[in-house]
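Computed over heavy atoms, backbone and side chain alike; hydrogens, waters and symmetry mates excluded.
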Amino acid sequence: MVEFLNSKPAEDGFRMPGEFEKHRGCWILWPERTDNWRLGAKPAQKAFSRVAETISKFETVTVGVSRQQFKHARAVLSSKIRVVEVSSNDSWVRDTGPSFVKRNQKIRAIDWKFNSYGGLKDGAYFPWDQDELIAGKIAEIEGTDCYQAPLILEGGSIHVDGEGTCLTTEQCLLNPNRNSDLSKEEIEEVLCQYLNVEKIIWLEEGVYCDETDGHVDNLACFVRPGEILLTWTDDKNDPQYEISLKALERLEKTRDAQGRKLKINKIHQPGPLYITEEEKEGIDFSNTHLERKAGKRLPASYVNFYLANGAAIVPTFSDPRDKPGLELFRKLYPEREIIGVPSREIILGGGNIHCITQQVPL
């Protein structure tokens with residue numbers, strides 16, 4: 001049984017490592033919602049499977065699946081992937097699963113509060129009771145103790161460099177539909193205590209049309225300490241241009257927790273991409289807040305990638321920007337294998353490769 005701790009990671013000497021540090025493995029949750037994933041979620045399951053199989057070449061992958069889908073998932077996934085029965089409301093393990101902290105070779109989990117990206121008024125779906133339990137279940141399966149953080153937060157809304165700096169957006173963490181009773185300073189204090197960071201870099205907004213209220217993992221991330229990858233567009237008429245420009249200006253004016261001036265790499269967004277009439281027709285009607293209309297812009301970004309041990313798993317969209325995007329990744333990570341994985345079926349559900357994965361540090 002998982003033990004929930006009364007202390008905080010910082011006071012126990014635990015820190016959240018950068019995603020570029022070594023992993024014990026990776027978690028993925030199986031997509032099933034037919035009101036979010038088209039055609040009975042079968043195309044999404046195929047895309048998730050491809051991500052899982054690709055990552056499994058570099059580290060252990062565990063896929064959490066409902067009782068109803070267990071036999072099917074076990075049959076289509078290769079034997080090297082561990083499949084466990086875990087109930088969930090949707091498949092965004094980055095946001096519902098635990099964040100992990102470590103001290104030397106010992107790891108612990110953080111269980112953040114989750115309200116489906118905004119609660120009853122603004123949230124993506126209801127109920128979210130099973131998603132609230134995901135972090136504790138994963139911690140128990142991984143055999144780690146767990147901290148319960150007093151903050152509604154999704155893992156995709158934060159990114160750390162492992163050396164004292166956290167990247168996030170005001171659009172998400174300061175949104176009144178998350179923690180309206182807390183001030184910016186109080187939220188910063190919780191982040192410092194639970195991630196063991198000293199510097200919070202606040203960007204204003206996330207990627208245009210991102211229904212998570214602007215998760216930072218779609219806009220910008222740490223390539224390594226002192227270096228950032230930022231979603232960009234050269235089209236000044238695109239709403240994303242102003243968002244990325246403001247982010248660039250803030251990043252250029254700040255320094256990280258170690259006093260370093262940040263090196264910033266721009267990666268041009270794909271598209272813009274939009275939901276097609278055919279893709280909309282394959283989604284079941286629902287009373288949730290999910291909206292999947294033809295012509296709706298997709299928040300597609302190459303920044304929403306996953307770093308495995310020795311590899312970077314990068315989303316691709318059958319877009320002309322895919323090739324230069326992958327070439328930039330090869331320059332950023334010459335020591336890693338760069339693998340593009342088609343992910344349009346994932347972005348149709350509202351996220352991408354980083355959103356559907358959660359690394360467990362070594």
Only one of T316, T54, I313, I28 forms a side-chain contact (heavy atoms from CB on, under 4.5 Å) with I353, so which one is it?
-> I313
Test item: W30 and S91 side chains (from C-beta on) under 4.5 Å apart, heavy atoms | no
Audit row: E345, R50, side chain to side chain contact (heavy atoms under 4.5 Å, CB included) steps and yes/no | CA-CA 11 Å; E345 292 296 340; R50 188 163 181 175; over 6 Å; no
For this output row, return yes or no: ring centroids of F305 and F329 closer than 6.0 angstrom.
-> yes
Under 3.5 Å, is there a donor-acceptor pair linking the side chains of D210 and T212?
-> yes
Got more than 12 heavy atoms from elsewhere within 6.0 Å of CD, E11?
-> yes
Examine the side chains of Y208 and D238 and answer whether a donor and an acceptor come within less than 3.5 Å of each other.
-> no
When clusters are formed by joining ILVMFWY residues with side-chain heavy atoms under 4.5 Å apart, either directly or through shared neighbours, do V83 and W27 land in the same one?
-> no
Does some side-chain heavy atom of M16 sit less than 4.5 Å from a side-chain heavy atom of I110?
-> no
With a 6.0 Å cut-off on ring centres, are W37 and F48 close enough?
-> yes
Under 3.5 Å, is there a donor-acceptor pair between the Q359 and H23 side chains?
-> no
State whether a side-chain donor-acceptor pair under 3.5 Å links Q69 with S66.
-> no
Whether over 12 other heavy atoms sit under 6.0 Å from K323 NZ | no
